[in-house]
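Proteins come first, then strands; the chains are lettered A, B, ... in the order of their sequence lines, and each starts at number 1. Keep in mind it's a predicted model, so treat the numbers as computed, not measured.
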Amino acid sequence: MSNNNGNLKDYVSFYDVKTKHKGILSWLLTTDHKRIGIMYLFSIGAFFLVGLTFAFLMRLEMLTTGPTIVDAQTYNSFFTLHGMIMVFLFIIPGIPAVFGNFFLPMQLGAEDVAFPRLNLLSYHLYLIGALLAIFSLVFQTHIDTGWTFYVPYSLRTGTDIALPLLAAFILGFSSILTGLNFVTTCHRMRVKGMKMFSMPLFTWSLYSTAWIQVIATPIIGITIVLVLLERTFKFGIFDPTLGGDPVLFQHLFWIYSHPAVYIMAIPAFGIISDVIATFSRKSIFGYKVMAYSTLAIAVIGYMVWAHHMFTSGMSDTARTVFSFLTFFVAIPTGVKVFNWVATLWRGTIVLSAPMLFALSSIFLFSIGGLTGLHLGTISTDIHLHDTYFVIAHFHYVIIGGILSMFIAGLHYWYPKMFGVMYNEKVAKTGVVLYFIGANVLYFPMFIMGYMGMPRRYFDYLPEYQIYHVVSTVGSWILITAILLMIVNLIVAKVKGNRIAGGNPWGAKTLEWAMPSPPPLLNFVETPVATEDPYDYHGHDERVFIENKEKDIQEVN
Amino acid sequence: MFEQASKYAATVDDVMIYVTVISVAMLLLITVAMIYFVIRYNAKRNPIPTPYHGNVAIEITWIVIPTILVMTMFFYGYKDFAELRNTKEQDMEISVTAKMWDWDFEYENGTKTDTLYIPVNKTIKFNITSIDVLHSFYIPGFRIKEDAVPGRDGFVFITSEKTGTFDIACAEYCGQRHWDMYKKLVVLPQDEFAAWYGEEDSNIEDKASSEEVKEEESDDVADSEDSESDND
Amino acid sequence: MSTTSVDSHGHGNNAAHGYGDNSQLYVHVHRDDYGSKFGMWLFLFTEVLLFGGLFILYYGYRIAYPQDYHNAAMELNIVMGAVNTLVLLTSSLTMVLSIVALRRKSIKVSLFYLGITFLSGATFCVNKYFEWMGKIHHGIYPGSEDLAARPAGEIVFFGLYYLMTGLHTFHVIVGMVIMVFCYIFIKTGTINSDKYIVLENAGLYWHLVDLIWIFLFPLFYLLH
Ligand code: HEA
Ligand code: HEA
Ligand code: CUA
Ligand SMILES: [Cu+2]
């Protein structure tokens with residue numbers, strides 16, 4: 001086992017290393033990918049909590065018919081802010097910016113990304129965008145267009161939409177630069193001997209995601225600019241009274257925003273691949289198929305955008321073609337799910353907290369993904385479009401799938417990032433609560449949706465109330481679970497729990513081949529890449545545990 | 001609970017059940033496999049993993065079978081959709097104009113109403129547009145929905161097969177009172193409808209029988225054809 | 001497994017490493033010209049897609065309003081457009097000459113050609129300014145009453161005309177700013193015959209700006 005790397009006592013971690021600038025500036029002006037990753041973690045975490053607050057308030061409002069805690073206008077801005085913050089500030093940058101920055105170079109055996117200064121610029125752009133968004137949140141009338149800001153409503157609304165949209169534009173720029181950086185890094189920074197097809201699957205997923213970021217994001221950039229200009233100068237591009245066509249706006253919006261859901265999803269899949277392989281003590285089943293299916297999702301995902309527009313008034317032929325194409329994204333995703341499950345077969349399964357979370361997320365994601373099929377089927381989507389069924393679909397994929405995977409990753413890499421181990425029992429309790437909460441919160445929405453409850457409704461007919469009540473109770477369970485897990489992680493760090501050691505999980509990928517937290521330039525010794533990134537030949541769990549105990553005694 | 005107002009609604013529900021059954025089967029398959037493996041190959045029971053890198057035949061199987069399954073889903077969905085969009089002989093045309101935050105329903109004879117009355121066992125065509133922002137004309141009981149887009153005309157057909165009252169909702173976000181665009185669709189027996197329609201219409205002297213109403217409508221087919229070709 | 005394994009690390013500059021001795025500052029000394037160019041190509045790709053969104057709109061509306069497009073396009077001044085095309089094409093050439101000269105270590109020549117490129121960009125902008133002013137005097141600008149009275153397709157055509165040529169001109173200006181920086185860096189020697197990747201990337205950017213114009217010109221001025 002690689003435990004010999006873990007026990008260097010006299011190295012300096014990247015937290016303690018002397019830096020040119022002092023204090024907060026040593027963070028804000030750093031080009032170290034690890035520090036940037038940590039900064040993203042905290043910024044993104046903060047926004048996540050803001051978005052979560054809006055979600056909580058929304059659920060509270062839906063507890064009873066009629067006004068419960070706020071009026072209609074406020075509710076409309078709640079879901080808009082919730083959607084925009086969660087999408088643009090949290091989940092799209094999420095995994096690539098936090099774990100991608102921290103671990104991509106390490107998994108490649110590199111010292112840093114290809115363009116460290118550009119990386120810092122990405123972070124600064126993120127920060128500027130975020131500050132604009134906050135400024136607007138605090139000082140302006142709240143945007144009420146929905147996160148999709150469809151024209152013509154977004155051209156007419158009296159609320160301040162300029163700053164939030166500008167923020168989204170800047171965040172897009174940040175995303176493009178990150179993508180560009182990662183693609184180049186994967187091509188140019190691999191350690192000697194590592195081929196493209198011996199990169200870990202998390203790195204593969206970042207690579208595909210980076211391509212989507214590069215290809216899709218410019219379109220939303222120009223679309224936002226057009227909406228802003230249209231509002232001020234009346235170009236007539238989208239305004240129907242001037243000859244523009246609102247349906248064209250929807251095309252431009254979804255050409256970005258559909259691939260964007262895969263920007264969220266693919267890196268999360270990458271985390272799960274790494275976690276499953278590590279805790280099955282086995283190479284991933286069908287490694288190449290996994291790598292190709294990641295690319296396939298990226299490519300096919302680019303061709304299905306109009307499945308959000310089956311009732312929009314585009315031609316019937318287009319509706320049919322896009323329904324047809326939509327089904328093909330399900331195939332590579334299905335391949336991934338099956339390969340994960342097959343990896344377990346004849347492995348040595350260690351049910352640690354990250355692993356438990358990974359398994360639960362596969363289940364929840366599958367529910368979300370499979371209901372995507374109901375939405376891709378054209379006749380049913382006509383009924384389900386813009387109802388709570390859609391809300392349930394994407395919260396299952398996002399909260400059940402991607403966020404679970406994000407948190408699984410957080411628990412998996414936490415010892416590496418902070419050098420301490422958390423209480424696994426509490427973490428596992430969190431997983432179980434999370435699983436229950438997510439189902440109670442979102443399952444009733446499927447039923448409501450099929451009964452015909454439209455989304456973005458401040459008020460509803462009395463027959464839906466029972467479902468809304470159950471759902472709101474679910475939100476409390478879920479939020480408890482999340483807070484429990486966050487507190488558990490914070491406590492571990494503050495109390496300085498037992499030292500994690502370099503490789504507490506017995507993982508094989510290169511980010512574990514160094515002490516935790518890592519030293520400034522990552523590797524103490526130039527790492528050696530293996531043909532198979534998850535090479536568990538000759539692994540014996542009993543020996544591994546014995547060595548681990550010894551290690552821990554030595555360190556403490 | 002899931003009210004069906006027409007045969008079309010029933011076929012949509014059938015597709016829904018079809019997709020759901022396949023989905024549940026798939027979900028069970030992977031869940032059972034996962035749980036079984038976790039127990040069977042637990043680290044305690046199986047401390048030495050057996051390296052295995054994959055198998056082409058299996059990969060092909062789980063590419064091909066899901067592909068076939070989803071293609072059947074596409075096909076059933078498409079079949080109903082084609083049926084829905086097929087230009088049919090309509091018995092009656094009603095123009096629907098959305099605005100913030102109300103619907104205007106206008107019959108061929110110029111009658112405007114707030115609650116939409118239609119006769120049972122007739123095929124009705126709604127011509128849908130909007131005068132301000134996007135809205136969406138949604139009748140859950142009939143499983144149909146079509147956006148109201150300013151500057152464009154959309155259409156949707158329904159065939160009323162039983163009498164009763166159904167909700168009409170706005171499904172595309174349109175501002176502050178988007179939630180407040182609920183209206184009622186009332187399907188009346190033909191004679192009752194004729195009585196109501198005749199009363200509303202001061203131009204028709206004869207309190208028309210349902211046959212006459214029908215004849216009048218078919219005169220207007222020529223009209224309606226222009227508005228159809230506007231689509232797409 | 002010693003902690004001072006820096007030598008085995010394959011980097012000449014020990015002082016650049018944080019291991020062992022935490023009094024050392026970290027200086028990143030990674031240089032990869034091929035990587036830089038690769039990154040630049042990716043960036044250019046995103047620029048193409050940025051305009052791609054607008055080209056989609058252009059075609060969408062062209063299909064919807066063929067007649068209005070025809071009428072509106074007749075009003076644009078082909079001569080002005082053609083002159084600008086020539087100017088930009090020439091500047092692309094001088095940009096290449098500047099890079100070639102730098103690689104041959106003739107700094108003066110390189111600076112001279114860079115200057116010419118800059119002036120061409122400026123000429124383009126001035127030309128564009130007069131062209132726009134002419135239109136605006138005729139009351140053709142977004143939001144004007146004259147324009148609002150015209151058919152829908154013409155409003156859209158001119159809307160797109162201002163947007164796309166405007167966005168393009170913005171890119172020309174950005175290109176010119178970059179050239180100013182290059183000029184300074186060549187003078188100070190930061191960019192030199194050994195390390196000219198920045199100038200090369202600036203050149204790539206400028207060619208892209210040129211290329212986009214090559215598409216805009218026929219779409220707005222020639223295609224009736
Ligand atoms: C990360 C986010 C994410 C992901 C991964 C997905 C994945 C998918 N989505 Fe989802 N979607 C959203 C986020 C996401 N979606 C959001 C945010 C919206 C709403 C936007 C808005 O309007 O605000 C939306 C809306 C949305 C719509 C539009 C609904 C409407 O408004 O009318 C449609 C329609 O086709 C759709 C389809 C799909 C499909 C087919 C997949 C597929 O990729 C799913 C593939 C996965 C599986 C199929 C499950 C696993 C596979 C197996 C277990 C194998 C066996 C399966 C087979 C039989 C094939 N989605
Ligand atoms: C990333 C996307 C995301 C996330 C996480 C959520 C989370 C939640 N959302 Fe969602 N939601 C959207 C994206 C998201 N949402 C979008 C795009 C819309 C559409 C808006 C529109 O219509 O315009 C929407 C709309 C929407 C509605 C519909 C409003 C309406 O149409 O009227 C509702 C209603 O209940 C709702 C509820 C919730 C709840 C209860 C939660 C949460 O309670 C769920 C709990 C949270 C988690 C499970 C995350 C756990 C994560 C961590 C623990 C990470 C911690 C990490 C660090 C601290 C670093 N949301
Ligand atoms: Cu009208 Cu929503
Ligand atoms: Cu989509």
Side-chain angles (χ1 to χ4, degrees), chain A residues 72-73 76 146 150 152-153 156 240 246-247 281-283 285-286 289 311-313 315-316 320 323-324 327 330-331 334-335 337-338 341 344-351 359 363 366-367 370 373-374 377-380 382-383 385-386 450-452 454 456-459 536-537 539-542, chain B residues 1-2 12 15-16 19 23 26-27 30-31 33-34 37-38 41-43 46-54 59 62-63 66-67 70-71 73-74 77-78 80-81 84-85 132-134 136 138 140 143-147 149-152 154 167 169 171-179 232:
Chain A
Q73 184 63 33
N76 291 350
Y150 274 8
Y153 185 71
R156 292 166 140 251
V247 178
R281 311 296 188 212
K282 209 165 147 264
S283 181
F285 193 91
V289 182
T311 69
S312 69
S315 78
D316 291 351
T320 311
S323 168
F324 182 76
F327 286 103
I331 305 303
V335 167
V337 172
F338 293 129
V341 176
L344 303 175
W345 178 64
R346 289 161 76 183
T348 294
I349 296 167
V350 181
L351 216 52
L359 296 176
F363 177 83
S366 294
I367 296 184
L370 289 164
L373 301 175
H374 297 87
T377 307
I378 187 160
S379 66
T380 45
I382 285 180
H383 174 51
H385 172 69
D386 270 343
Y450 200 69
M451 286 168 73
R456 296 169 174 171
Y457 263 33
F458 158 73
D459 195 2
Y536 277 98
H537 271 276
H539 179 90
D540 185 334
E541 190 65 18
R542 289 161 299 197
Chain B
M1 188 166 71
F2 303 120
V12 172
V15 179
M16 192 75 192
V19 180
S23 301
M26 283 292 171
L27 189 67
I30 58 168
T31 315
M34 259 183 337
F37 290 157
V38 167
Y41 299 108
N42 194 281
N46 191 33
I48 301 176
T50 318
Y52 196 84
H53 287 268
E59 301 282 353
W62 60 48
I63 289 174
T67 309
V70 294
M71 282 301 102
M73 292 177 194
F74 164 73
Y78 167 71
D80 287 353
F81 175 71
L84 177 70
R85 303 297 291 181
D132 39 44
V133 300
L134 299 177
S136 193
Y138 180 31
R143 310 285 187 271
I144 54 110
K145 181 183 291 131
E146 181 73 21
D147 284 10
V149 184
R152 283 197 180 206
D167 290 320
E172 187 61 74
Y173 177 66
C174 54
Q176 197 183 4
R177 283 172 49 217
H178 162 58
W179 52 278
D232 303 7

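Ranked by non-hydrogen atom pairs under 4.5 Å with chain B, the options A:Gly334, A:Pro246, A:Ala330 are led by A:Pro246. The residue among A:Arg156, A:Arg542, A:His383, A:Glu541 with the most heavy atom pairs within less than 4.5 Å of chain B is A:His383. Annotation: maximal heavy-atom pairing with chain B below 4.5 Å, among A:Pro240, A:Gly347, A:Ser366, A:Ala72, occurs at A:Gly347. Ranked by heavy-atom pairs shorter than 4.5 Å toward chain A, the options B:Val19, B:Val149, B:Asn42 are led by B:Val19. Most heavy-atom pairs under 4.5 Å with chain A, from the set B:Pro150, B:Ala169, B:Ser136: that is B:Pro150. Looking only at heavy-atom pairs under 4.5 Å with chain A, the residue among B:Pro47, B:Ala43, B:Gly54 that has the most is B:Pro47.
In this structure, the portions of B:Asp132 lying under 4.5 Å from any heavy atom of chain A include both its backbone and its side chain. For chain B, the nearby parts of A:Leu373 are the backbone and the side chain; heavy atoms of each come within less than 4.5 Å. Looking at B:Leu84, the atoms closer than 4.5 Å to chain A (heavy atoms on both sides) all sit in the side chain, from C-beta outward. Interface residue A:Val341: backbone and side-chain heavy atoms are both found under 4.5 Å from chain B. B:Glu59 touches chain A through its side chain: at least one heavy atom from C-beta onward sits under 4.5 Å away, while N, CA, C and O do not. Both the backbone and the side chain of B:Thr67 come within less than 4.5 Å of a heavy atom in chain A. For A:Tyr150, the part sitting under 4.5 Å from any heavy atom of chain B is the side chain, from C-beta outward, and nothing else. Both the backbone and the side chain of B:Val12 come within less than 4.5 Å of a heavy atom in chain A. Only the side chain of A:Leu351 comes within less than 4.5 Å of a heavy atom of chain B; its backbone N, CA, C and O stay farther away.
Side-chain contact between B:Pro66 and A:Ile331 is present, with heavy atoms from C-beta onward closer than 4.5 Å. A 4.5 Å side-chain heavy-atom check between A:Phe327 and A:Thr377 finds at least one atom pair inside the cut-off. By the 4.5 Å heavy-atom criterion applied to side chains, B:Met71 and A:Phe324 are counted as neighbours.
For the pair B:Lys145 and B:Tyr138, the cation-pi test (distance below 6.0 Å, angle within 45°) is passed.
Between A:Asn76 and B:Gly175, the shortest heavy-atom distance links the atoms ND2-O, 3.4 Å. The two residues A:Ser323 and B:Phe74 have their closest heavy-atom pair at OG-CD1, 3.4 Å. A:Ile349 approaches A:Leu344 most closely through the heavy-atom pair CD1-O, 3.7 Å.
When each of B:Arg143, B:Met73, B:Met16 is tested with A:Thr380 by the rule side-chain contact (heavy atoms from CB on, under 4.5 Å), just one qualifies, namely B:Met16.
Under the 6.0 Å cut-off for aromatic ring centres, A:Phe285 and A:Trp345 do not qualify, their centroids lying 6.0 Å or more apart.
One finds the OG atom of A:Ser315 at 9.5 Å from the CZ atom of B:Arg85 (value rounded to the nearest 0.5 Å).
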